[in-house]
J.: 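Structure incoming, see below.
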Amino acid sequence: MKERSLRSILLVRAIEETDRAGELLPPADRAEATRSVLREAPALRDALAVPEPTAGFERFLARRAEWVLGRLAPRHPALATVVHGPEGAARLARLLLAAAFVTGVLLSALDRNRLVDVLAFPLAGLVLWNVLVYALVAARALRGARPAGATGAWYSAWVRRGLERWAKRSAEFDAPLARALQAFAAEWRSAAAPLLAQHAARLFHLAAATVALGVIAGLYWRGITLEYRAGWESTFLSADGVRRVLGVVYGPASAVSGIALPADAAETAALHWRGGAGGVLAAPWIHLIALTLVFWIVLPRLLLALVATLGAARHAWRAKLPPAVLAYARGLLTGQGVVLGGRTV
């Protein structure tokens, strides 16, 4: 079942179970919805006749929900927004990605008197943080856990709050609709938890990649307008130790770009700052930093975002009905002369 079909079914069920008086959907319309779907799609009767007609229930409920919402949407436009997805999801993504880019640009400005430290923050901090995240993602995958723990819970709560805001606004002029939206918000958050976790994972991987892109943009922009010098300083590392660290961190970028790293301890020592003096022009190192951020952050995060996108698509196409909905479907078919697993209801 598709995600949108599941959302429509749960929304119609919430309407019917909270609107006992029939203010939103009169009993006659509910019965007519069931009869019309069975009349227009006679093959559904055969699908419902098998011993466990789960697939038949899904098809019947999806068609019926579409019929009901077609009647209700002109009078209640909020329903169309709910069916099409979480309120403001695209806006949230744009805001988060814009904030991530600005954060990256600001991080690039954390220099000291136009000095680019080839070992320190923001490069070292960003790389170490992302490597830690990759290890956590790998550990969760090995345990078979959801791809987004805290982020998935946050995103799920945000989706529910968005729906509840719709309900609150609706309560001012349509109390029955508000009750239905509140019931739907609670059930949708539970039923769609795996899907929402994938959406959250994709969004936060994209945000992490965008932070790195912001750092790159900031470094190049400031490098165009200001003269930077690159170097290093350390209390614990010798020139030979720094050379080894540079080889690990910048090795892939150096291999791709052809920009040579210090070949020995003497060349590494020439980069050492002493009292604010020393170092070299930063242009080659800005190129190396940019490529390193791409290798360590942008590409892996985009790959993880793609994995989350594919996972979201899989969950969206294979959405499952909550068990309680099957009893609701049987109730709708009662008295319609439909054979369920060999028994007429």
J.: What is the minimum heavy-atom distance between Leu123 and Val118, and which atoms define it?
T.: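 For Leu123 versus Val118, the nearest heavy atoms are CD2-O, 4.0 Å.
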
J.: Just do the side chain to side chain contact (heavy atoms under 4.5 Å, CB included) check on Phe60 and Val37 with the steps written out, would you?
T.: CA-CA 7 Å; Phe60 162 71; Val37 170; 4.0 Å; yes

J.: Take the angle between the ring planes of Trp232 and His272 and call it parallel below 30°, perpendicular above 60°, tilted in between.
T.: parallel

J.: If you measure from CG on Asn130 to CZ on Arg301, what distance do you get to the nearest 0.5 Å?
T.: 4.5 Å

J.: Mind checking whether Leu304 and Tyr134 have side chains closer than 4.5 Å, heavy atoms only?
T.: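 Yes. Closest side-chain heavy atoms under 4.5 Å.
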
J.: Can you tell me if Arg13 uses its side chain to pair, donor with acceptor, with the backbone of Tyr328 under 3.5 Å?
T.: no

J.: Taking the side chain as every heavy atom from C-beta outward, state whether Tyr228 and Leu219 have any atom pair closer than 4.5 Å.
T.: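 Answer no - side chains too far apart.
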
J.: So how far is it from Ile9 CD1 to Glu187 CD, rounded to the nearest 0.5 Å?
T.: 11.0 Å

J.: Is a salt bridge present between Glu66 and Arg4, judged by a nitrogen-to-oxygen distance below 4.0 Å?
T.: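 Answer for the salt bridge query: no.
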
J.: With a 4.5 Å cut-off on side-chain heavy-atom distances among I, L, V, M, F, W and Y, is there a chain of contacts connecting Trp221 to Leu281?
T.: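 Result: no, two separate clusters.
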
J.: Quick one: closest heavy-atom pair of Ala305 and Leu206, and the distance?
T.: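 The answer is CB-CD2, 3.8 Å.
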
J.: Linking I/L/V/M/F/W/Y whenever their side-chain heavy atoms sit closer than 4.5 Å, directly or via other members, would Leu226 and Ile289 fall into one cluster?
T.: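 In one cluster: yes.
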
J.: Restricting to non-hydrogen atoms, name the atom on Leu25 and the atom on Arg30 that form the minimum distance, rounded to 0.1 Å.
T.: O-NE, 2.7 Å

J.: So if you build clusters from Ile, Leu, Val, Met, Phe, Trp, Tyr with side-chain heavy-atom gaps below 4.5 Å, do Leu11 and Leu195 land together?
T.: no

J.: Under 4.5 Å between side-chain heavy atoms, counting indirect links through other Ile/Leu/Val/Met/Phe/Trp/Tyr residues: same cluster for Trp296 and Val116 or not?
T.: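 As far as the 4.5 Å side-chain criterion goes, Val116 and Trp296 are connected within one cluster.
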
J.: If you take all heavy atoms of Gly231 and Trp273, which pair is closest and at what distance?
T.: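 Reported closest heavy-atom pair: N-CZ2, 3.3 Å.
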
J.: How close do Ala253 and Leu291 get, counting heavy atoms only, and between which atoms?
T.: CB-CB, 3.5 Å

J.: Take Thr292 and Ile297 through the side chain to side chain contact (heavy atoms under 4.5 Å, CB included) test and state the conclusion after the steps.
T.: CA-CA 8 Å; Thr292 297; Ile297 301 175; over 6 Å; no

J.: Look at the side chain of Arg75 and the backbone N and O of Leu24, then say whether any donor-acceptor pair between them is shorter than 3.5 Å.
T.: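 Looks like yes, one N/O pair under 3.5 Å.
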
J.: Answer yes or no: is there a side-chain heavy-atom contact under 4.5 Å between Pro322 and Leu10?
T.: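 With C-beta onward as the side chain, the pair touches.
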
J.: Can you tell me which residue among Gln198, His199, His205 is in a side chain to side chain donor-acceptor pair (under 3.5 Å) with Arg202?
T.: His199

J.: Yes or no on side chain to side chain contact (heavy atoms under 4.5 Å, CB included) for Leu96 and Phe204, after CA distance, side-chain angles and deciding distance?
T.: CA-CA 9 Å; Leu96 186 59; Phe204 280 90; 4.2 Å; yes

J.: When you measure from the side chain of Ser108 to the backbone of Val105, do you find a donor-acceptor pair of N or O atoms at a distance under 3.5 Å?
T.: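 Yes; at least one donor-acceptor contact below 3.5 Å.
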
J.: Using side chain to side chain contact (heavy atoms under 4.5 Å, CB included) as the criterion, point out the one residue from Leu126, Thr103, Leu106 that pairs with Val215.
T.: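 So the option named by the test is Leu126.
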
J.: Is there side-chain contact between Leu38 and Leu333, with at least one heavy-atom pair below 4.5 Å?
T.: yes

J.: Could you check whether any side-chain heavy atom of Val249 comes within less than 4.5 Å of a side-chain heavy atom of Leu288, counting everything from C-beta outward?
T.: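 A side-chain contact under 4.5 Å is absent here.
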
J.: As an exercise, state the distance from OG1 of Thr210 to CZ of Phe101, rounded to the nearest 0.5 Å.
T.: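 Between Thr210 OG1 and Phe101 CZ, I get 8.5 Å after rounding to 0.5 Å.
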
J.: Charged N to carboxylate O below 4.0 Å: is that the case for Arg35 and Glu40?
T.: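 Looking at Arg35 and Glu40, the cut-off is not met.
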
J.: Take Arg179 and Phe184 through the test side chain to side chain contact (heavy atoms under 4.5 Å, CB included) and record every step on the way to the result.
T.: CA-CA 9 Å; Arg179 291 193 296 270; Phe184 168 76; over 6 Å; no

J.: For the residue pair Arg59 and Arg64, establish whether any side-chain heavy-atom pair is separated by less than 4.5 Å.
T.: no

J.: So does Pro176 get a backbone contact from the side chain of Asp19, meaning a donor-acceptor N/O pair under 3.5 Å?
T.: no

J.: Show, in sequence, the C-alpha distance, side-chain angles and deciding distance for Glu32 and Arg39, and conclude whether the salt bridge (charged side-chain N to carboxylate O under 4.0 Å, His left out) test is met.
T.: CA-CA 10 Å; Glu32 178 59 24; Arg39 184 169 58 248; 3.3 Å; yes

J.: Under a 3.5 Å distance rule, please check whether Ser254 uses its side chain to pair with a backbone N or O of Ile259 as donor and acceptor.
T.: yes

J.: Answer yes if Leu128 and Val137 sit in the same cluster of Ile, Leu, Val, Met, Phe, Trp and Tyr residues linked by side chain heavy atoms under 4.5 Å apart, and no otherwise.
T.: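 Cluster IDs for Leu128 and Val137 differ.
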
J.: Is Leu72 close to Val68 at the side-chain level, that is, under 4.5 Å between some pair of heavy atoms?
T.: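 Result yes, sub-4.5 Å side-chain heavy-atom pair found.
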
J.: For residues Trp285 and Tyr250, establish whether the separation of their ring centroids is below 6.0 Å.
T.: yes

J.: Looking at Thr268 and Pro262, what are the two nearest heavy atoms and their distance?
T.: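 For Thr268 and Pro262, the tightest heavy-atom pair comes out as OG1-CB, 3.3 Å.
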
J.: Counting C-beta onward and ignoring hydrogens, is there a side-chain heavy-atom pair between Leu332 and Leu61 closer than 4.5 Å?
T.: yes

